Chemist: 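Let me give you the structure first, and then I'll get to my questions.
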Protein chains: 2
Amino acid sequence: MDNKESGSEFRILEAARKVFHQKGFEGARMQEITDEAGINKSLLHYYYRNKENLFEAVFNESFSQLSSRIFEIFTSDLPLKEKIPGFLSYYMNFLLDHSYIPWFIINSIYEKPDRIKNIFTNFGISPKEPIEKLHKQLLEEYVVEIDPVNFFINILSLCIFPVIARSLIGQLFGMDEKKLKEFYNGRITKTSEFLLNSLQGYKK
Amino acid sequence: MDNKESGSEFRILEAARKVFHQKGFEGARMQEITDEAGINKSLLHYYYRNKENLFEAVFNESFSQLSSRIFEIFTSDLPLKEKIPGFLSYYMNFLLDHSYIPWFIINSIYEKPDRIKNIFTNFGISPKEPIEKLHKQLLEEYVVEIDPVNFFINILSLCIFPVIARSLIGQLFGMDEKKLKEFYNGRITKTSEFLLNSLQGYKK
DNA sequence: ATTAATTTTGACCAACTGGTTAAACCAATT
DNA sequence: AATTGGTTTAACCAGTTGGTCAAAATTAAT
């Protein structure tokens, strides 16, 4: 029986993901996870020896999701005019579907900074190649000297911050969930235009 | 005796600020705050009845710092060409000096979403006037239709996210504290250029 | 059917949490 | 010297936390 989707171990991980994503390591309670999974607390310790173990399973999974495709896309061969809209469409939609992940990752690092020691090397992530590619493309396609690292961070900022600050933004501009959804969908193409126009602006 | 700077009450608030900023409400331990303040735990409850009380004192202070001058600046009468660099210089430098505050505020809201119910009205903050002003200036000074709300969020994103993700960025690009400091100082003018160039790019 | 291995459970625990209480301290007033 | 008021302390508490343990239930193998 390969009931991977209904087995206890899987259900525990699912429940842990849900609770950790919303509350973080410190805020999460083991009891809440077992309740969510509908199992006995001891069973949780049977599969995942302790809280840290269970957390790591969730953290690694989420970090991988958040970081994996980014550099692939930037290393690809499309011109920036297509690459940037392509990336924003993919990444912003991903973030909207997994809106808890950015806060979860950043919060985890604030709680325990050691968590990112060697994390990029462990995940086989190196910014060197994609940043060089970006640098080259900026020069060739727009003939301008922009620091590619700053430009890259700008892109991530425009994608991630609005997701993290969602409820703050909703409150500030008096938007309910429905309006927020519209707003964030609209942002995808608008942010593309914004980024490409910024490159245009450097030209003269 | 107006020993405001050495009195117990003041020292407790200072210690609370330090601990809450780094650990958040859930992560902070009352014991750690009293240790940091060098006083007995009961004394803390003598001045601030409970944890929530003490936390609110810190939260309100920090939220006020983070949000107060923003809208003043945007409502002022400078042209965007000066206003944007002026704002970035002021705000990014403020964030570098208080790098814990953005995460602290956002985290506090994740922990207890009610915290922002009415927070803007309580602090007398309304985005209406500054956003209208921004809209008008974008049209008059750059003759382009940009959604001012999106543009405003873009500015905040470019300022705040890099501060929140500082250790992640340092790790990714292999920057130590010294290099990070240089990088963030360089970002101030670069982000100004970036924003102003984006407006230029819309023109044609 | 009996054994063996795996999975699940309830009862329990030591450590820690925010918070209370009553007594001690101390400066100022009488 | 005694009283008063605010300040500070040590000892203590009830509830919660992550985690353990041995027994029970279930499944697989002989």
Side-chain angles (χ1 to χ4, degrees), chain A residues 1-62 104 107-108 110-112 114-115, chain B residues 1-62 104 107-108 110-112 114-115:
Chain A
M1 58 177 67
D2 42 58
N3 253 353
K4 276 188 184 170
E5 305 247 329
S6 64
S8 294
E9 188 172 358
F10 179 79
R11 290 176 57 202
I12 291 171
L13 188 65
E14 261 191 330
R17 188 189 302 129
K18 185 170 174 184
V19 176
F20 278 133
H21 276 187
Q22 291 185 34
K23 313 258 175 107
F25 181 83
E26 306 261 18
R29 301 292 158 229
M30 297 295 263
Q31 190 61 53
E32 196 180 345
I33 295 175
T34 60
D35 289 350
E36 180 74 35
I39 51 121
N40 185 284
K41 188 162 62 137
S42 305
L43 193 57
L44 191 156
H45 287 87
Y46 174 72
Y47 285 110
Y48 302 86
R49 232 182 329 285
N50 52 41
K51 193 181 185 183
E52 184 66 38
N53 241 290
L54 180 56
F55 177 83
E56 263 177 31
V58 173
F59 181 79
N60 288 338
E61 182 195 66
S62 299
F104 168 70
N107 184 52
S108 303
Y110 268 85
E111 284 178 345
K112 194 177 169 188
D114 289 347
R115 290 231 165 81
Chain B
M1 60 179 68
D2 43 57
N3 253 352
K4 274 187 185 170
E5 304 247 331
S6 64
S8 294
E9 187 172 0
F10 179 80
R11 291 177 57 203
I12 291 171
L13 188 65
E14 262 190 329
R17 187 188 303 130
K18 185 171 174 183
V19 175
F20 278 133
H21 275 186
Q22 290 185 34
K23 312 259 174 108
F25 182 84
E26 306 261 17
R29 301 290 158 232
M30 296 296 262
Q31 190 61 54
E32 195 180 346
I33 295 176
T34 61
D35 289 349
E36 181 74 35
I39 51 119
N40 185 282
K41 188 161 62 133
S42 304
L43 193 57
L44 190 155
H45 287 87
Y46 174 72
Y47 285 110
Y48 302 85
R49 233 184 328 287
N50 51 41
K51 193 181 184 182
E52 184 67 37
N53 241 288
L54 181 57
F55 177 83
E56 263 177 31
V58 173
F59 181 79
N60 287 338
E61 181 196 67
S62 300
F104 169 71
N107 186 51
S108 302
Y110 267 83
E111 284 178 343
K112 193 177 168 188
D114 289 348
R115 290 230 166 81

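Owing to the predicted nature of the structure, the values given are computational and were not obtained by experimental measurement. So you know, we letter chains A, B, ... as the sequences are listed, proteins then strands, and number each from 1.
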Chemist: Roughly how far apart are A:Ile39 CD1 and A:Ile12 CD1, rounded to 0.5 Å?
Modeler: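 A:Ile39 atom CD1 to A:Ile12 atom CD1 measures 4.0 Å (nearest 0.5 Å).
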
Chemist: First locate atom CG of A:Asp35, then atom CE of A:Met30, and finally report the distance between them rounded to the nearest 0.5 Å.
Modeler: 12.0 Å

Chemist: Please confirm whether any donor atom in the side chain of B:Lys41 sits under 3.5 Å from an acceptor in the base of C:dG19, or the reverse.
Modeler: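 Per atom types, the contact qualifies.
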
Chemist: Are the side chain of B:Arg11 and the backbone of B:Ala37 linked by a donor-acceptor contact shorter than 3.5 Å?
Modeler: yes

Chemist: Distance check needed: C:dT20 C1' versus B:Asn40 CG, whole Å only.
Modeler: 12 Å

Chemist: Once you round it to whole Å, what is the distance between C1' of C:dT20 and CG of B:Asn53?
Modeler: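 Result: 16 Å.
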
Chemist: Between C1' on C:dG18 and CD on B:Glu32, what's the gap in Å once rounded to a whole number?
Modeler: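 So the two atoms are 15 Å apart, to the nearest Å.
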
Chemist: Write out all pairs satisfying salt bridge (charged side-chain N to carboxylate O under 4.0 Å, His left out) with one or both partners inside residues 19-31 of chain A, taking only residues at least two apart or from two chains.
Modeler: A:Lys23-A:Glu32

Chemist: Starting at atom CZ of A:Phe10, determine the distance to atom P of C:dT7, rounded to an integer number of angstrom.
Modeler: 17 Å

Chemist: Mapping A:Glu52 and B:Ile39 to their closest nucleotides on DNA chain D, which lands nearer the 5' end?
Modeler: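 On the 5' side of the pair lies B:Ile39.
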
Chemist: Can you check the B:Lys51 NZ to C:dT20 P distance for me, whole Å?
Modeler: 14 Å

Chemist: Below the 4.0 Å mark, does C:dT7 have OP1 or OP2 next to a side-chain nitrogen or oxygen of A:Ser8?
Modeler: no

Chemist: Can you tell me the distance, in whole Å, between the CE atom of A:Met30 and the P atom of C:dC12?
Modeler: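 Interatomic distance, CE of A:Met30 to P of C:dC12: 21 Å.
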
Chemist: Tell me which residues in residues 42-49 of chain B lie within less than 4.0 Å of DNA chain D, going by non-hydrogen atoms.
Modeler: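 When residues 42-49 of chain B is checked for heavy atoms under 4.0 Å from DNA chain D, the hits, listed by number, are B:Ser42, B:Leu43, B:Tyr46, B:Tyr47.
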
Chemist: Can you tell me how far CG of B:Asn40 sits from OH of B:Tyr46, rounded to the nearest 0.5 angstrom?
Modeler: 13.5 Å

Chemist: What's the CD-P distance between A:Glu9 and C:dT8, to the nearest Å?
Modeler: 10 Å

Chemist: Is the centre of the B:Tyr110 ring less than 6.0 Å from the centre of the A:Phe104 ring?
Modeler: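 They do not qualify: ring centres at least 6.0 Å apart.
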
Chemist: Anything under 30° is parallel, anything over 60° is perpendicular, the rest tilted; go ahead and classify B:Phe20 against B:Phe25.
Modeler: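 Parallel, since the angle between the ring planes stays under 30°.
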
Chemist: Atom CG of A:Asn50 to atom P of D:dT20: distance rounded to whole Å?
Modeler: 8 Å

